[in-house]
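Input: a single structure, listed below in structure tokens.
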Amino acid sequence: MSFRNALITLTLVVFGLMAVYLVWRLVSVRRNPTTNDPENLTPFLDDDGLEGPRLERALGWSLIFVMIVALALPLYFLFEPSRQDDLAEHFDEQAVERGAILYANSESKEYDAAKSLLCANCHGVDGQGGQAPFVLQPELDICDVLENQGNPDVPECLPVQVVWTAPALDTVLLRFPEEEVFQILTWGRPGTPMPAWGVESGKGVLNTQSIDDLVAYLDSIQISKDDAQKRSTKEVIAFRLSAKENLEQQEIGVTTAKANLAKLRTDPKSTPAAIGEAEAEVASQEAIAASAKEWADQVADMGEGEVLFRLNCARCHTKGASYFDPNNLALPPPSPSGSGAFGPNLTGGSTLVQFPGGAGVQEQFDWVARGAPANEGYGIRGISSGRMPYFVNMLSEKQIKAIVAYERGL
Ligand code: HEC
Ligand code: HEC
């Protein structure tokens with residue numbers, strides 16, 4: 001039992017005893033002797049008795065009680081604020097616990113089959129980022145023709161299965177204020193695998209409190225600004241490396257397919273069908289390797305600013321950046337870098353219009369580094385919707401400058 005509960009119990013017990021005492025005083029026979037005398041003639045203590053030890057005892061008790069009250073009131077006054085803080089903290093802890101359950105998937109220790117919403121499936125168990133399967137619907141005009149739909153002879157009109165990169169959430173509050181994360185959770189990101197979760201959107205089931213709980217949980221897993229910056233720098237190296245490694249792997253795939261074909265050709269038992277299949281495999285591996293090479297060459301040519309843009313900005317400013325995969329030849333051709341998606345088109349010198357001249361460079365830097373609260377202006381005619389993240393916690397000043405320079409050349 002906590003100290004506070006002990007005090008409450010003690011007070012209740014004291015009230016109880018007082019009630020018993022009162023009842024006892026009212027009904028006790030000894031205290032209410034039955035005589036035939038009228039009340040005012042009932043004998044009682046004489047003056048000496050009343051003003052003697054009896055009076056002192058009554059006064060003594062009063063003094064003790066007054067002292068208790070005199071001590072307790074200031075103590076209450078002193079402890080009450082911290083008690084409120086403790087309560088708020090406890091409340092926050094509970095919110096984090098509830099949020100963790102909502103976030104979990106079966107690999108998390110907080111998993112609860114009835115309550116968990118499996119955010120971890122896409123965003124990673126620890127919020128480090130992950131992947132989400134997604135189906136792209138064809139967009140070409142010829143696919144509006146009924147007979148082209150689902151027709152294997154018109155492959156560009158078949159839906160394409162892609163893997164959509166789901167962003168890390170252990171840095172999301174380094175990039176967005178809590179209110180914006182609340183909005184994202186409520187409304188989702190239409191056109192992406194991120195569902196709307198809030199009742200307010202008409203598509204979700206979560207009330208305000210559950211969304212607050214999720215935000216509280218996300219807040220509890222944020223990494224430090226330093227770690228976030230280190231991660232961003234490592235990602236640049238990993239990005240360059242992965243394009244090279246992928247090319248090497250695809251080239252090995254070609255060699256393997258070719259060796260397989262050569263073996264089949266020398267084997268007298270091979271059927272023409274098996275050889276045909278192996279030839280097709282070589283052709284397909286070669287096509288993938290060619291695409292992987294094109295990508296690796298592109299990456300090798302990219303400057304620092306472009307790679308940083310790819311890793312931090314392209315998912316909102318370049319259509320298809322979240323699911324681009326040089327090995328997936330079924331994908332529609334990639335859109336030009338920065339040509340717009342969820343965020344506006346930045347190409348054709350458009351950022352030079354929004355942030356003109358030498359002063360514009362600094363203004364664009366400030367916008368990318370710190371953003372602007374919703375409904376506030378930026379640049380010449382921009383009005384922030386609050387949806388553009390800020391990067392001052394994620395990237396170094398030098399990195400942001402490199403990105404701005406890259407954008408101004410788009
Ligand atoms: C089916 C996969 C999937 C599930 C489930 C999912 N998300 Fe997402 N979420 C995504 C993807 C993909 C994005 C990025 C969309 C984009 O490209 O703009 C995203 C974006 C977000 C963002 C914005 C992050 C940013 O940096 O832009 C937040 C916050 C978020 N999700 C939180 C959650 C939470 C909390 C849950 C669980 C209640 C959840 N997500 C469930 C796939 C998912
Ligand atoms: C989560 C999506 C998202 C990401 C990631 C993102 N942006 Fe944006 N960006 C937006 C949106 C949305 C706008 C439109 C302004 C608004 O709604 O407040 C915008 C606007 C801009 C503008 C102003 C364009 C104009 O002409 O008004 C620039 C410049 C910009 N972003 C640069 C960047 C850079 C640089 C990065 C990466 C470091 C980045 N953005 C990452 C969503 C994003």
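Predicted, not measured: the structure shown is a model, and the values here were computed from it. In what follows, residues are counted from 1 in the order of the sequence shown. One-based numbering, in listed order, for ligands and for the atoms of each.
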Next item on the list: Would you kindly say whether Asn105 and Ser108 are connected by a side-chain donor-acceptor distance under 3.5 Å?
Entry: yes
Margin query: Does the Lys NZ or Arg CZ of Arg189 fall within the cation-pi geometry relative to Phe342 - under 6.0 Å from the ring centre and within 45° of the axis?
Written below: yes
Note to self: Counting non-hydrogen protein atoms only, what is the nearest one to atom 15 (C) of ligand 2? Give residue, atom name and distance.
What the structure shows: Tyr378 OH, 3.5 Å
Notebook entry, point to check: Would you say the side chain of Tyr323 lies within less than 4.5 Å of the side chain of Leu136, judging by non-hydrogen atoms?
Noted result: yes
Item checked: Pair Glu397 + Lys401, salt bridge at N-O below 4.0 Å -> yes
Next item on the list: Mind listing the protein N/O/S atoms less than 2.8 Å away from atom 8 (Fe) of ligand 2? Waters don't count.
Entry: His317 NE2, Met388 SD
Notebook entry, point to check: Does the side chain of Thr347 pick up a donor-acceptor pair with the side chain of Asn345 at under 3.5 Å?
Noted result: yes
Next item on the list: Have a look at ligand 1 and work out which part of Leu185, if any, has a heavy atom under 4.0 Å from it: side chain, backbone, both or neither.
Entry: side chain
Next item on the list: Do me a favour and list the nearest non-hydrogen protein atom to atom 12 (C) of ligand 2 with residue, atom name and distance?
Entry: Arg387 CB, 3.8 Å
Check: Does some side-chain heavy atom of Leu185 sit less than 4.5 Å from a side-chain heavy atom of Leu206?
Finding: no
Notebook entry, point to check: Going by heavy atoms in the side chains, are Glu178 and Leu173 under 4.5 Å from each other?
Noted result: yes
Margin query: For atom 18 (O) of ligand 2, which of the options Ser350, Gly382, Ser232, Ser385 provides the nearest non-hydrogen atom?
Written below: Ser385
Checklist line | Contact (N/O only, under 3.5 Å) between Thr192 and ligand 1 | finding: no
Note to self: A side-chain contact here means heavy atoms from C-beta on lying under 4.5 Å apart; do Arg387 and Phe176 qualify?
What the structure shows: no
Check: How many protein N, O or S atoms sit closer than 2.8 Å to atom 8 (Fe) of ligand 1?
Finding: 2
Note to self: Considering non-hydrogen atoms of the protein only, which is the closest contact for atom 22 (C) of ligand 2, and what is the distance?
What the structure shows: Trp367 NE1, 3.0 Å
Next item on the list: Using a strict cut-off of 4.0 Å, indicate which atoms of ligand 2 neighbour a heavy atom of Ile403.
Entry: 35 (C), 38 (C)
Notebook entry, point to check: Asn121: heavy atom below 4.0 Å from ligand 1, yes or no?
Noted result: no
Check: Given that the side chain starts at C-beta and the backbone is N, CA, C, O, which of these parts of Phe134 lies under 4.0 Å from ligand 1, counting heavy atoms, or is it both or neither?
Finding: neither
Checklist line | Where ligand 2 meets Gln354 - atom numbers and elements under 4.0 angstrom, heavy-atom basis | finding: 25 (C), 26 (O), 27 (O)
Next item on the list: Would you please determine whether Phe176 falls within less than 4.0 Å of ligand 1 on a heavy-atom basis?
Entry: yes
Item checked: Phe342 heavy atom under 4.0 Å from ligand 1 -> no
Next item on the list: Would you check the N or O atoms of Arg315, main chain and side chain alike, for any that come under 3.5 Å of an N or O of ligand 1?
Entry: yes
Next item on the list: For the residue pair Gln250 and Ser291, confirm or rule out a side-chain donor-acceptor distance under 3.5 Å.
Entry: no
Margin query: Under 4.0 Å from a heavy atom of Asn312: which atoms of ligand 2 are those, numbered in the order shown and with their elements?
Written below: 5 (C), 37 (C), 41 (C)
